[in-house]
Number of protein chains: 2
Amino acid sequence: MRASDLPEVRALGLFSSMEEKHFDALMEVAYLQTFPPQLDLIAEGDVADFLYIVVEGSVELFARSNGRESTMGLVRPVGTFILAAVLKDAVYLMSARTAQRSKILLIPSQNIREAFQQDAEFARAIVQELASCYRGVVKEHKNLKLRTAVERLANRLLRYHNDQGGNGSFELPHDKRTLASALGMTPENLSRAFNTLKPYGVEVEGSTIRLTDVNSMETLAKPNPLIDDRKT
Amino acid sequence: MRASDLPEVRALGLFSSMEEKHFDALMEVAYLQTFPPQLDLIAEGDVADFLYIVVEGSVELFARSNGRESTMGLVRPVGTFILAAVLKDAVYLMSARTAQRSKILLIPSQNIREAFQQDAEFARAIVQELASCYRGVVKEHKNLKLRTAVERLANRLLRYHNDQGGNGSFELPHDKRTLASALGMTPENLSRAFNTLKPYGVEVEGSTIRLTDVNSMETLAKPNPLIDDRKT
DNA sequence: CCCTCTCCTTGATAAATATCAAGTCTCTAA
DNA sequence: TTAGAGACTTGATATTTATCAAGGAGAGGG
């Protein structure tokens, strides 16, 4: 597989400033594979043999304990997952399965760690990516500890709405079961939370959501850049 | 201030493999200060001017939104906090206040970022530290999403018990109000959770806890290395 | 076209957790 | 020594969330 096959991978923050030869070397040993939906990719507790990069489709990160299961995150193109485990040469803390048919790039952990040593720009990019991931989980954690279920849903809807152009209508990027788990609630409760939001201009039709009164939604949701901004 | 003043800082994972001259340069520009209890050190939203290292005492990390407040973590010697914000040159996502009278080392963010460029060993250590922090929050997040309040308390007690020698008795390292918030519950509920654990051999006397039946506690708590282990 | 499956919704109920209001206890300081 | 403050506890109640059970709607396959 050639680097030129995957310009979007090369453009990833992680790789964009990397020296050509190091990037090529990484791609040399990488695997690009297509997986069917609902396929388990990794299981928590496994040793981190590969860094995963979602090129097409989407991947659900989840965790289990005590017979319970919860969605920890959703990775869409082009995004990486389990970078921390790879860098620490430790076991995965989360499991991952494809949500849709997905094209995924696997890079052996060992090579990632070598590239980190050899390429200072890559090292810097790794740190930036890792710091972003860290801040992402902190925000997720704040979201869960500081907001009620309805507030979490409202803010999530506002985010999706914004991501998809903010023109009053958008599609949920995954099924409601998964959304419920990601928001830390049951599917039944998600249904009820949608009903609670009806007076605030939220219209649900399958996976299409219409927001007819964004102002009133924002009054309720009180979005907070230190929780909701993807960038900072 | 001389490096030799703070052997425990030098011994920190972050600095132990750093070149002497780079470490000295960092210490040259660092401030070592002592703060009284309950003093606000940083506020979420502020720009990250310094990396903080707790040398003595303890620091509570917390976050606010919507009039609510929640403890996000507790840093004891010798530990760092808000490394990610420093590396990204971004605003803090959490606030911090001293829990006790504390001695704290402040290193200007700019110097940390420079040292990262100049010292490959330091860069590697930063990545390890950051990856550990990331995994710490992920575990905290799993803890909150996959366990009930009583289970969280039980596991926390087992951890403290273990940390302090595992001889059947230990001290809570902070007041119960803070513990409650850290575990994601109200103080009232923490009280009740302690009562729920009484039949499992948990005896509370102020901040002294006695575990008279660790087996039965472990049966209830079902500790999970992928949530509870500090190391991995 | 209809069956069946899955996903989602709804209603009824139960469990977990939060809130409000006293109370108790302990520590400190006058 | 005692008053007061702060931290914790307890009880009563409200709210939030989960669970259980059932039904409906839509998609895909025969």
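As the structure is a prediction and not an experimental result, all values here were calculated from the model. We name chains A, B, ... by the order of the sequence lines, and we start the count at 1 in each one.
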Between C:dA18 atom P and B:Glu69 atom CD, what is the distance in whole Å?
-> 15 Å

On a heavy-atom basis, the closest approach of B:His161 and B:Val214 is CE1-CG2, 3.8 Å

Short side-chain to backbone donor-acceptor contact, A:Ser95 and A:Ala63, under 3.5 Å | no

Would you call B:Arg68 and A:Glu151 a salt bridge, taking side-chain N to carboxylate O under 4.0 Å as the test?
-> yes

Between P of D:dC8 and CG of B:Leu172, the distance in whole Å = 9 Å

Could you state the atom-to-atom distance from CZ of B:Arg147 to C1' of C:dA16 in whole Å?
-> 17 Å

Among side-chain atoms of A:Ser70 and B:Lys142, is any donor-acceptor pair under 3.5 angstrom?
-> no

Is the closest side-chain heavy-atom distance between A:Leu41 and A:Phe35 below 4.5 Å?
-> yes

Between CG of B:Leu153 and P of C:dT17 the distance, given in whole Å, is 11 Å

Round to the nearest Å and state the distance from B:Leu144 atom CG to D:dT17 atom C1'.
-> 14 Å

Decide yes or no on side chain to side chain contact (heavy atoms under 4.5 Å, CB included) for A:Phe81 and A:Leu61, but give the supporting numbers first.
-> CA-CA 9 Å; A:Phe81 56 95; A:Leu61 300 177; 3.7 Å; yes

Answer yes or no: are there more than 12 heavy-atom neighbours, outside B:Tyr200 itself, under 6.0 Å from its atom OH?
-> no

Length of the line joining B:Glu205:CD and D:dT9:P, which is rounded to integer Å = 12 Å

For DNA chain C, which residues in residues 179-200 of chain A have a heavy atom at a distance below 4.0 Å?
-> A:Glu188, A:Ser191, A:Arg192, A:Asn195

Euclidean distance, atom NZ of residue A:Lys176 to atom P of D:dA25 [Å, nearest integer] = 14 Å

Side-chain H-bond candidate by donor/acceptor type, A:Ser102 with A:Glu56, under 3.5 Å | no

Minimum side-chain heavy-atom gap B:Glu60-B:His174 below 4.5 Å | no

Estimated bend of the helix from C:dC1-D:dG30 to C:dA30-D:dT1 (axis per five terminal pairs, rounded to 10 degrees) = 30°

Separation of B:Arg68 atom CZ from C:dT19 atom C1', in whole Å?
-> 14 Å

